[in-house]
Amino acid sequence: MTSRSERSARGFALLACLFFIALACGVGYELGRIPARTQLGPELARLAVERERLVRELDAVRQQALILERDRTIERETVRVLQSRLEAAQEVRLEQARELSYLKRLVQAGDKGAVRAHDLRLSVQSQPRRYGYDFLLTQLVDGVGQVEGRVVLVIEGVRGDEPVRLRLDELTAEPATIGMDFEHYQHCSGWFMLPEGFAPQLVVIQIEPDGERLAATSASFPWPLELID
């Protein structure tokens, strides 16, 4: 019969044999993976570089899309502003045509002369809510001679929900009043400051001539007829 020590020795030898077999298999497996890793390394590096390139291209495309969308927004806003200005200019021309027709009828009916205010331009000044202005005064008919009187400039608008009319002499302005003294034409210019909370909508130029030879007239201009930076 086999003794216990012999059985133990055989078991130990069997375990040692199995261990070396497993070790050999493991080493062989790892040795077998080395060529595969060696072959895949360059391909993985190439794919990483390609991925970075695609990410950069995607970012560039996204940036270009944002630029195009911004340009379209600016273009739409520009078209809207130009359309609004065109409509305002057309309305001004119609209003001036109506006023000119009225003045001519007034002159013909009353055998009087009349002064016309036109070409109003507004400009933004350096101080907040300060605006410059200039416009022309001309005689509607020739032969009247020297014209004297006053020009009253009025800014119409709203403060809150209430309509408000502000005369030039009620504002901080230079000059505070506009005198009228010419034979053919007169150029008027100056500046004024609007109060806080006041939203301008219309500029009205009222002509108040001296004597009986000229009829009182007025001209209105939507705000802003022309606002220059």
Side-chain angles (χ1 to χ4, degrees), residues 70 73-103 106 113-140 147-182 184-210 214-229:
R70 183 193 62 189
T73 301
I74 294 174
E75 182 179 356
R76 287 194 296 267
E77 181 63 17
T78 301
V79 171
R80 186 192 66 80
V81 171
L82 291 177
Q83 182 66 28
S84 177
R85 290 182 178 179
L86 178 60
E87 292 174 356
Q90 290 174 340
E91 180 63 27
V92 168
R93 285 195 293 269
L94 289 175
E95 181 64 24
Q96 291 177 344
R98 288 193 293 267
E99 290 178 349
L100 184 60
S101 177
Y102 166 75
L103 290 176
L106 184 66
V115 172
R116 179 189 177 207
H118 55 97
D119 293 343
L120 173 66
R121 293 162 60 91
L122 301 173
S123 59
V124 178
Q125 302 283 292
S126 57
Q127 299 182 27
R129 304 189 65 78
R130 173 170 159 169
Y131 301 92
Y133 67 87
D134 64 79
F135 59 90
L136 284 177
L137 301 176
T138 56
Q139 292 198 46
L140 191 60
V147 173
E148 296 180 357
R150 291 159 303 283
V151 178
V152 180
L153 193 148
V154 181
I155 312 298
E156 297 186 359
V158 294
R159 181 185 287 122
D161 296 329
E162 296 296 326
V164 178
R165 287 172 52 91
L166 298 175
R167 292 166 53 106
L168 196 64
D169 55 11
E170 297 173 329
L171 301 170
T172 300
E174 179 63 38
T177 59
I178 304 173
M180 186 171 60
D181 187 358
F182 69 96
H184 300 291
Y185 71 92
Q186 178 176 325
H187 179 257
C188 302
S189 62
W191 60 266
F192 57 85
M193 294 188 68
L194 296 178
E196 291 287 342
F198 175 77
Q201 296 178 335
L202 194 70
V203 179
V204 180
I205 301 176
Q206 300 173 346
I207 308 298
E208 299 178 352
D210 292 337
L214 296 173
T217 60
S218 67
S220 57
F221 306 87
W223 181 288
L225 174 64
E226 186 171 356
L227 198 58
I228 307 170
D229 293 331

(request) Could you point out which residue of Ile205, Asp119, Leu122 forms a side chain to side chain contact (heavy atoms under 4.5 Å, CB included) with Phe135? (result) Ile205

(request) With Leu153 as reference, evaluate Val203, Leu166, Asp169 under the side chain to side chain contact (heavy atoms under 4.5 Å, CB included) test and give the passing residue. (result) Val203

(message) Could you walk me through whether Tyr133 and Leu168 satisfy the side-chain contact (heavy atoms from CB on, under 4.5 Å) test, starting with their C-alpha distance in whole Å, then the side-chain angles of each, then the deciding distance to 0.1 Å, before giving a yes or no?
(response) CA-CA 11 Å; Tyr133 67 87; Leu168 196 64; 3.7 Å; yes

What heavy-atom pair brings [X] and [Y] nearest, and what distance separates the two atoms?
X      : Y      : result
Ala117 : Ala219 : O-CB, 3.7 Å
Pro209 : Ala216 : CD-CA, 3.8 Å
Pro175 : Ser189 : CD-O, 3.7 Å
Val154 : Arg167 : CG2-CG, 4.1 Å

(request) Name the orientation class of the two ring planes belonging to Tyr131 and Phe192 (parallel below 30°, tilted from 30 to 60°, perpendicular beyond 60°). (result) tilted

(message) I want to check something: taking the side chain as every heavy atom from C-beta on, are Gln201 and Glu156 in contact at a cut-off of under 4.5 Å?
(response) no

(request) Please examine the side chains of Val152 and Ser218, heavy atoms only from C-beta on, and report whether any two atoms are closer than 4.5 Å. (result) no

(message) Looking at Arg129 and Phe198, would you say the former's side chain and the latter's main chain have a donor-acceptor pair under 3.5 Å?
(response) yes

(request) Without swapping roles, check the side chain of Glu162 against the backbone of Arg159 for a donor-acceptor pair under 3.5 Å. (result) no

(request) Begin with the C-alpha distance, continue with both residues' side-chain angles, and end with the deciding distance and a verdict on side-chain contact (heavy atoms from CB on, under 4.5 Å) for Met180 and Val147. (result) CA-CA 7 Å; Met180 186 171 60; Val147 173; 3.8 Å; yes

Could you state the interatomic distance from [atom1] ([X]) to [atom2] ([Y]), rounded to the nearest 0.5 Å?
X      : Y      : atom1 : atom2 : result
Gln127 : Thr172 : CD    : OG1   : 9.5 Å
Arg165 : Ile155 : CZ    : CD1   : 10.0 Å
Leu137 : Ile178 : CG    : CD1   : 8.0 Å

(request) Kindly indicate, with the supporting measurements, whether the criterion side-chain contact (heavy atoms from CB on, under 4.5 Å) is fulfilled by Val151 and Gln206. (result) CA-CA 6 Å; Val151 178; Gln206 300 173 346; over 6 Å; no

(message) Testing Gln186, His118, Arg116 one by one against Thr138 for a side chain to side chain donor-acceptor pair (under 3.5 Å), which residue passes?
(response) His118

(message) Apply side-chain contact (heavy atoms from CB on, under 4.5 Å) to residues Trp223 and Leu202 and explain how you reach the verdict.
(response) CA-CA 5 Å; Trp223 181 288; Leu202 194 70; 5.9 Å; no

